[in-house]
Amino acid sequence: MKKYLEKLFESLSNKLSYLNEIEVQFSIPAVSEHGDYSTNAAMLLAKSLKKNPRAIASEIIDNLELDKNIIAKVELAGAGFINFFFHPDYTTKIISEILQKDDHFGKSNKFEGKRANVEFVSANPTGPLTVGHGRNAVIGDTLANLLESIGYDVDREYYFNNAGRQMRVLGESLKLRYLELFGDKIDFPADYYQGDYLIDIARKIKEEFGEKYRNEDPLNYFKQRAEYEIFEDIKNTLSRLKIEMKNFFNEHSLYENGNIQDVLNAFKDKNLSYDKDGAVWLKLSELGNENDKVIVKSTGEPTYRLPDIAYHMNKLERGYDLVVDLFGSDHNATYPDVIAGVNALGYDGSKIKVVIHQFVTITDGGEKVKMSTRKANFITLDELIDEVGPDVVRYFFIMRNVSSHLNFDIALAKKHNEENPVFYLQYAHARICSILRMTEEQNLAASQENLSLLSSEVEQSLIKKLHQFEDVILYSAESFEPNKLTSYLEETAALFHKFYTECRILGTEKNLAEARIALCESVKILLKNGLSILGLNAPEKM
RNA sequence: GCGCCCGUAGCUCAAUUGGAUAGAGCGUUUGACUACGGAUCAAAAGGUUGGGGGUUCGAAUCCUCCCGGGCGUACCA
């Protein structure tokens with residue numbers, strides 16, 4: 001429907017050239033009396049044309065070359081809105097389109113041939129993924145799915161650092177746990193990793209090798225084994241959520257291939273860095289940011305900014321058209337420095353899209369739970385999946401606006417899991433499957449011969465809703481807002497349930513019944529495709 | 001102090017990015033199948049969009065000042 005209007009106005013702009021001054025937008029009015037689509041174009045033009053918006057709207061309407069079989073009515077309303085009412089026979093054609101496109105319905109090719117890199121999770125291997133990482137993981141994977149739906153070739157990437165202080169402490173923590181197993185009196189430091197998972201790994205080592213590593217340097221075997229085991233655990237957790245990474249990118253490789261040194265040299269050559277107090281500073285104040293920052297400490301060790309800049313240059317060099325970074329809000333101050341650095345060295349930082357999501361606040365029966373991997377008073381993502389299942393976990397993490405805080409009450413999630421909206425969507429799908437099984441037994445099959453019989457208010461509302469699917473996916477993907485898709489799917493499922501209540505299939509006249517089956521199949525395809533983008537199952541029975 | 005994000009119904013959140021009468025779910029109250037799945041549907045009640053001021057045809061949305069919360073503001077990542 002929207003595409004038709006866009007074409008209509010495109011050809012109209014040849015006649016009324018002032019339409020080229022603005023981007024004509026079509027929106028769906030909140031109330032159906034205001035039409036199926038509406039545009040405020042006349043009001044936007046009022047100022048520059050110095051004319052009454054209603055007069056402009058009137059002129060636009062007079063010049064529209066309408067096909068009465070497509071648009072039944074056009075109205076001038078309110079302060080200058082132009083409202084369009086579509087002909088029911090035209091809207092029902094979407095059903096044929098959906099049945100024909102099937103798995104592809106909703107996808108578009110706007111970004112065909114483009115490549116995107118989505119970097120997410122990127123937790124260092126110091127412990128199991130927590131509920132906090134879960135939001136990052138699910139948003140990232142869903143965004144990747146959305147980008148694929150609009151034509152991108154997407155690589156999912158996990159960036160990690162296995163050098164640094166954190167990892168040293170991890171190796172030492174594991175060695176102490178290992179020694180404890182032999183009855184050694186250990187004063188386990190408070191700032192070491194407290195979690196039980198290290199005790200489990202220590203036990204494995206003891207079972208496999210006995211006392212062999214009692215005198216081992218913790219930075220060798222213990223650190224490596226901890227990293228390996230924890231990574232296996234992380235990958236397993238991600239795979240339970242149907243998340244599979246294409247690359248695991250080790251920060252250390254940027255040192256090995258000389259990229260870090262190259263970047264350092266490039267900054268120096270461009271006179272963008274200087275030495276002060278034994279450290280190397282980047283002139284970020286000359287690059288539009290607030291203060292200069294240290295990129296190499298006086299100890300000779302780079303700060304995170306330097307490898308981050310090198311890493312983003314690396315990604316851009318790999319030829320991606322879009323580079324998405326998904327960070328928690330604790331990183332919100334760091335990315336402007338990185339992008340400024342990348343731009344300064346001649347790369348196109350505008351290809352980098354940083355998505356900042358707010359934190360998950362965990363409560364348990366109203367009481368706030370503070371999370372820290374170090375202190376081990378966290379709830380792991382695995383435990384959460386055990387409790388409520390992967391589908392609920394995935395849905396829960398994306399159903400809210402990315403930029404809003406997410407309240408996650410564990411007690412509520414356990415207790416009320418049947419009230420979760422994910423079941424509402426899945427139930428609609430299962431219900432359709434059940435109907436289709438039933439109608440098949442009665443030798444009824446979907447027919448596109450008499451779609452014009454689908455003329456009741458609820459049928460028309462539902463059909464018009466189906467029209468929006470492709471636009472919603474496009475919008476959701478381009479704005480990096482996966483919750484737009486969940487809201488839309490919930491609305492569509494609600495309309496389906498309403499349709500189900502009002503419109504029977506069995507027992508009604510055959511032509512109407514078979515048209516309704518076609519509608520049911522369309523909704524089923526839409527739900528299945530939508531759930532698939534969200535990474536959820538579309539069950540045939542529940 | 002400064003920067004980013006947030007504040008909407010009792011609770012958790014929407015609102016097509018500046019549009020027409022601010023909407024859902026949960027909870028509360030009341031209804032609906034002796035044929036397609038009641039994990040559903042219908043209805044009622046619930047609001048000065050944290051507060052004041054401003055911008056314009058029009059503001060939950062933009063600007064400004066307060067109030068309250070989260071995250072930053074490192075030679076930690």
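Note that the structure is a prediction, hence the values are computed from the model and not measured. Naming: A, B, ... by sequence-line order, numbering from 1 per chain.
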Classify the nucleic acid contact of A:M542 as base, sugar-phosphate or nothing, counting any heavy atom under 4.0 Å across all strands shown. base
Phosphate OP1/OP2 of B:C75 contacted by A:K276 side-chain N/O (<4.0 Å): no
With a non-hydrogen cut-off below 4.0 angstrom, is A:H405 in contact with a base, only sugar-phosphate, or nothing? base
Can you find a side chain N or O atom of A:K297 that sits less than 4.0 Å from OP1 or OP2 on B:A74? no
A:Q468 CD to B:A15 C1': how many Å, rounded? 14 Å
Value in whole Å for how far the P atom of B:G37 lies from NZ of A:K541: 11 Å
Within the pair A:S329 and B:C71, is there a side-chain N or O less than 4.0 Å away from OP1 or OP2? no
Contact class for A:I435 (heavy atom, under 4.0 Å): base, sugar-phosphate, or nothing? sugar-phosphate
Using a 4.0 Å heavy-atom cut-off across all strands, classify A:N83 as base, sugar-phosphate, or nothing. base
Test item: A:N136 side-chain N/O and A:V121 main-chain N/O as donor-acceptor pair under 3.5 Å: yes
Checking all strands, does A:N332 fall into the base, sugar-phosphate, or nothing category for heavy-atom contacts under 4.0 angstrom? base
Presence of salt bridge, A:K3 and A:E470, under 4.0 angstrom: yes
Is any side-chain N or O of A:K47 closer than 4.0 Å to OP1 or OP2 of B:U56? no
Using atom C1' of each nucleotide, how far apart are B:A20 and B:A77 to the nearest Å? 49 Å
Does the ring of A:F81 lie flat against the base of B:A20, closer than 5.5 Å centre to centre with planes under 30°? yes
Span that lies between the P atom of B:G10 and that of B:A45, in whole angstrom: 15 Å
Mind checking whether A:F327 and A:Y335 have ring centres under 6.0 Å apart? no
Is A:T303 touching bases, backbone alone, or none of the nucleic acid, heavy atoms closer than 4.0 Å? sugar-phosphate
Counting any heavy atom closer than 4.0 Å, what does A:T439 reach on the DNA or RNA strands: base, sugar-phosphate only, or nothing? nothing
Return the stacking result for B:G72 and A:H331: yes when the ring centres lie under 5.5 Å apart and the planes under 30°, no otherwise. no
Work out how far the P atom of B:C6 is from that of B:G50, and round it to whole angstrom. 12 Å
Between A:A79 and A:G278, which is nearer to the 5' end of RNA chain B once each is assigned its nearest nucleotide? A:A79
With rounding to whole Å, what would you report as the distance between B:U48 and B:U8 at their P atoms? 13 Å
Touch class at under 4.0 angstrom, heavy-atom based, for A:N401 against every strand present: sugar-phosphate
C1' gap between B:C66 and B:U30, integer Å: 45 Å
Mind checking if A:C503 touches a base, just sugar-phosphate, or nothing, with heavy atoms under 4.0 Å? base
Tell me what A:K293 touches on the nucleic acid: a base, only sugar-phosphate, or nothing, going by heavy atoms under 4.0 Å. nothing
Name the closest nucleotide to the A:T501 side chain, picking from B:C75, B:A42, B:U40. B:U40
Using salt bridge (charged side-chain N to carboxylate O under 4.0 Å, His left out) as the criterion, point out the one residue from A:K464, A:K465, A:K498 that pairs with A:E491. A:K465
So, taking the atom named CZ in A:F499 and the one named CD1 in A:I505, what distance separates them when rounded to the nearest 0.5 Å? 5.0 Å
Classify A:S434 by what it touches in the nucleic acid, base, sugar-phosphate, or nothing, heavy-atom distance under 4.0 Å. base
Spacing of A:N259 atom CG and A:L264 atom CG [to the nearest 0.5 Å]: 12.0 Å
With nearest nucleotides of RNA chain B determined for A:L406 and A:G507 from heavy-atom distances, which residue corresponds to the more 5′ nucleotide? A:L406
Given atom CG of A:L44 and atom P of B:C57, what is their separation to the nearest angstrom? 12 Å
Between P of B:A24 and OH of A:Y424, the distance in whole Å: 11 Å
Rounded to whole Å, the OH-P distance (A:Y311 to B:A77) equals 17 Å
Determine the interatomic distance between C1' on B:A60 and the same-named atom on B:U28; round to the nearest Å. 27 Å
Suppose you measure atom P in B:U49 against the same atom in B:A44; what distance do you get, rounded to whole Å? 22 Å
What nucleic acid atoms does A:A46 come within less than 4.0 Å of, heavy atoms only: base, sugar-phosphate, or nothing? nothing
Are any of A:Y488's side-chain N or O atoms less than 4.0 Å away from OP1 or OP2 of B:A14? no
Taking the side chain from A:D292 and the backbone from A:S285, do they hold a donor-acceptor pair closer than 3.5 Å? yes
Report the distance from atom CD1 of A:I139 to atom C1' of B:C5, rounded to the nearest whole Å. 14 Å
